S.K.: 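I'd like to ask some things about the structure below.
Both counts, for ligands and for their atoms, begin at 1 and track the order of listing. Only a predicted model underlies this, so the values are computations on that prediction, with no experimental measurement involved.
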Amino acid sequence: MDQLIDRIKSDGYVENDEILKVDSFINHQVDVNLMLAAGKDIANHFKDQGITKVVTIESSGISPALMSAMALDVPMIVLKKQPSKILNKDLLQTEITSFTKEINYELTIKNHLINENDHVLIVDDFMANGETATGALRLIRAAHATVAGVAVLIEKTFQNGSSKLKEQGIELYSLAKIKSLKNGKIEFERSVSNPPL
Ligand code: G4P
């Protein structure tokens, strides 16, 4: 999505070889018009797939997920992060190890919110090593729902999140694809929807 790529070029910055900071328009301050455009783009891509719910992970996935859910006219569910396992028959939980943030947590959903009649779209801000998305897939499958795909604002193609999804036969739709953050420089993948710098 050109609008997002242009914004990353103008306001994103490289923290280190692995981390892109987008605090002024996604992660801390949110550019609502940019999120609206992103949500419409994601919804348009998945519009014919019979999505019944959009699922995201707290917290930065909420803005693009909300806009996508609005455009698809379906509910949005936020998977919660708990520090430890809670024994409760109304909850489904799965442990996540975030390599990016070097933490473990339990991804949690109330089990009546998704069922076998649901066809779910997962929306998040970043795709890095894919641990969060893989955990979300485990929860959705545990609830007996099906998954249409995963949509992210920014995919870092030098990390292995997309191959993890591919192995499971899950489509990844990325609005911006970043090939490298080496030497303080943001390099985008070359593609029709993602032109070079
Ligand atoms: P992982 O397997 O390495 O854990 O990667 P994953 O894609 O699961 O992302 C883990 C968390 O790190 C996510 O935040 C994701 O948004 C964030 N993240 C990954 N790469 C980057 C990056 O280059 N820049 C920024 N700014 N964030 C990145 P989260 O756990 O969902 O938390 P929250 O930030 O949404 O609250």
Side-chain angles (χ1 to χ4, degrees), residues 1 4-5 7-32 34-35 38-39 42 54-69 76-84 93-109 120-141 147 149-168 170-189 194:
M1 192 181 102
L4 176 61
I5 291 166
R7 192 62 182 275
I8 294 169
K9 286 178 188 170
S10 63
D11 293 339
Y13 64 92
V14 176
E15 180 162 278
N16 57 45
D17 284 359
E18 305 225 316
I19 300 290
L20 173 74
K21 295 300 275 186
V22 288
D23 281 352
S24 63
F25 55 106
I26 297 175
N27 287 147
H28 199 9
Q29 172 171 262
V30 177
D31 180 332
V32 293
L34 181 63
M35 290 306 117
I42 291 167
V54 169
V55 166
T56 191
I57 301 101
E58 64 177 350
S59 59
S60 302
I62 293 173
S63 359
L66 180 66
M67 297 303 188
S68 306
M76 176 193 69
I77 294 171
V78 181
L79 301 181
K80 305 279 182 97
K81 293 172 184 164
Q82 305 278 355
S84 58
Q93 287 193 308
T94 188
E95 192 184 32
I96 307 282
T97 301
S98 171
F99 300 112
T100 307
K101 297 200 168 172
E102 297 180 341
I103 50 165
N104 286 349
Y105 60 87
E106 292 285 335
L107 202 60
T108 303
I109 185 173
V120 169
L121 173 64
I122 298 171
V123 177
D124 209 351
D125 55 343
F126 274 93
M127 177 59 63
N129 296 295
E131 286 300 310
T132 312
T134 305
L137 285 167
R138 279 198 299 277
L139 281 187
I140 292 163
R141 287 176 178 143
V147 178
V150 177
V152 293
L153 297 175
I154 303 170
E155 175 189 350
K156 293 182 290 178
T157 59
F158 58 89
Q159 295 179 312
N160 66 352
S162 71
S163 49
K164 259 188 211 157
L165 295 186
K166 214 180 200 173
E167 280 163 17
Q168 302 177 69
I170 299 290
E171 181 193 355
L172 174 63
Y173 180 62
S174 312
L175 299 189
K177 290 187 182 187
I178 290 175
K179 190 162 71 174
S180 167
L181 295 171
K182 290 228 165 86
N183 305 316
K185 190 167 173 276
I186 307 170
E187 251 189 274
F188 290 88
E189 292 281 354
N194 202 346

S.K.: Checking side-chain contact (heavy atoms from CB on, under 4.5 Å) against V152, which of L172, V123, D125 comes through?
M.R.: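 Output: one option passes, namely L172.
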S.K.: Using atom types as modelled and distance alone, determine if a side-chain donor or acceptor of R138 lies under 3.5 Å from a backbone N or O of E95.
M.R.: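 Here the side-chain-to-backbone pair exists.
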S.K.: Quick one: does K156's side chain have a donor or acceptor within less than 3.5 Å of a partner on E18's backbone?
M.R.: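 Indeed, once roles are kept as given, a pair shorter than 3.5 Å links the two residues.
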S.K.: How close do V14 and L181 get, counting heavy atoms only, and between which atoms?
M.R.: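 V14 and L181 have their closest heavy atoms at CG1-O, 3.5 Å.
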S.K.: Any idea which protein heavy atom is nearest atom 15 (C) of ligand 1, and the distance to it?
M.R.: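 For atom 15 (C) of ligand 1, the nearest protein heavy atom comes out as F126 CB, 4.0 Å.
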S.K.: Run the contact test for K81 against ligand 1 with a 4.0 Å cut-off on heavy atoms, strictly below, and give the result.
M.R.: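 Under 4.0 Å: yes for K81.
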S.K.: Is S59 in polar range of ligand 1, meaning some N or O pair under 3.5 Å apart?
M.R.: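 Yes; at least one N/O pair falls below 3.5 Å.
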S.K.: For side chain to side chain contact (heavy atoms under 4.5 Å, CB included), just list the numbers for I42 and L121, CA-CA rounded to whole Å, side-chain angles, deciding distance to a tenth of an Å, and then say yes or no.
M.R.: CA-CA 10 Å; I42 291 167; L121 173 64; 3.8 Å; yes
S.K.: Evaluate whether atom CG of N16 has more than 12 neighbouring non-hydrogen atoms of other residues, nucleotides or ligands under 6.0 angstrom away.
M.R.: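 Yes, CG of N16 has more than 12 neighbouring heavy atoms, counting only those of other groups under 6.0 Å.
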S.K.: Is there a nitrogen or oxygen of D124 sitting under 3.5 Å from a nitrogen or oxygen of ligand 1?
M.R.: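 Such a contact does not occur with ligand 1.
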S.K.: Can you tell me which residue and heavy atom of the protein come closest to atom 20 (N) of ligand 1, and the distance to 0.1 Å?
M.R.: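 Ranked first by proximity to atom 20 (N) of ligand 1 is K156 NZ, 2.7 Å.
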S.K.: Is atom 13 (C) of ligand 1 touching the protein, meaning some protein heavy atom lies under 4.0 Å away?
M.R.: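 No; the ligand atom in question lacks any protein heavy-atom contact below 4.0 Å.
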S.K.: Looking only at distances, can you tell me whether any N or O atom of L20, backbone or side chain, sits closer than 3.5 Å to an N or O atom of ligand 1?
M.R.: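 For ligand 1, there is an N or O atom that lies under 3.5 Å from one belonging to L20.
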S.K.: Please list, in number order, the atoms of ligand 1 under 4.0 Å from a heavy atom of D125.
M.R.: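 Taking each heavy atom of D125 in turn, ligand 1 has 16 (O) under 4.0 Å.
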S.K.: Does S98 use its side chain to pair, donor to acceptor, with the backbone of I103 at less than 3.5 Å?
M.R.: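 Not confirmed, S98 side chain does not pair with I103 backbone.
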S.K.: For K177, is there any backbone N or O sitting under 3.5 Å from a side-chain donor or acceptor partner on T157?
M.R.: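 No: the side chain of T157 does not pair with the backbone of K177.
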S.K.: Could you name the option among D23, L107, N27, N160 that has the heavy atom nearest to atom 26 (N) of ligand 1?
M.R.: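 Ranked by closest heavy atom to atom 26 (N) of ligand 1, first place is N27.
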S.K.: Between Q29 and S24, do the side chains contain an N or O donor and an N or O acceptor separated by less than 3.5 Å?
M.R.: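 Checked: Q29/S24 side chains show no N/O donor-acceptor pair below 3.5 Å.
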S.K.: Which ligand 1 atoms does S60 reach within 4.0 Å, using its non-hydrogen atoms?
M.R.: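 This gives 33 (P), 34 (O), 35 (O), 36 (O) as the contact atoms.
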S.K.: Should the pair E58-K81 be classified as a salt bridge under the 4.0 Å nitrogen-to-oxygen rule?
M.R.: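 K81 and E58: not salt-bridged.
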S.K.: For ligand 1, which atoms, with element, lie under 4.0 Å from some heavy atom of E18?
M.R.: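 Going through ligand 1 atom by atom, the ones under 4.0 Å from E18 are 23 (O).
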S.K.: Heavy atoms only: which of G61, S98, G135, G12 is nearest to atom 4 (O) of ligand 1?
M.R.: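 Nearest option to atom 4 (O) of ligand 1, by heavy atoms: S98.
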S.K.: Using distance alone, decide if ligand 1 has a nitrogen or oxygen within less than 3.5 Å of any nitrogen or oxygen in A128.
M.R.: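 For ligand 1, there is an N or O atom that lies under 3.5 Å from one belonging to A128.
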S.K.: Output the list of atoms in ligand 1 that are nearer than 4.0 Å to some heavy atom of E131, sorted by atom number.
M.R.: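 Selected atoms, number and element: 2 (O), 8 (O).
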S.K.: Report the nearest protein non-hydrogen atom to atom 33 (P) of ligand 1: residue, atom name, distance rounded to 0.1 Å.
M.R.: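 Of the protein heavy atoms, K101 NZ, 3.5 Å lies nearest.
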S.K.: Give the residue, atom name and distance (to 0.1 Å) of the protein heavy atom nearest atom 18 (N) of ligand 1.
M.R.: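 Heavy-atom neighbour on the protein nearest atom 18 (N) of ligand 1: T100 CG2, 3.9 Å.
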S.K.: Please report the C-alpha distance between V120 and I77 in whole Å, then the side-chain angles of each, then the deciding distance to 0.1 Å, and finally whether the side chain to side chain contact (heavy atoms under 4.5 Å, CB included) criterion is met.
M.R.: CA-CA 10 Å; V120 169; I77 294 171; over 6 Å; no
S.K.: Apply side chain to side chain contact (heavy atoms under 4.5 Å, CB included) to the pair T56 and L66, showing each step before the final yes or no.
M.R.: CA-CA 9 Å; T56 191; L66 180 66; over 6 Å; no
S.K.: At the 4.0 Å heavy-atom cut-off, does E15 count as touching ligand 1?
M.R.: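 The answer is no, since E15 has no heavy atom less than 4.0 Å from ligand 1.
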S.K.: Under 4.0 Å from a heavy atom of T132: give me the atoms of ligand 1 that qualify, with their elements.
M.R.: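 Selected atoms, number and element: 6 (P), 8 (O), 9 (O), 10 (C).
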S.K.: Do any heavy atoms of G130 fall under 4.0 Å from ligand 1?
M.R.: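 Judged by the 4.0 Å heavy-atom criterion, G130 does count as contacting ligand 1.
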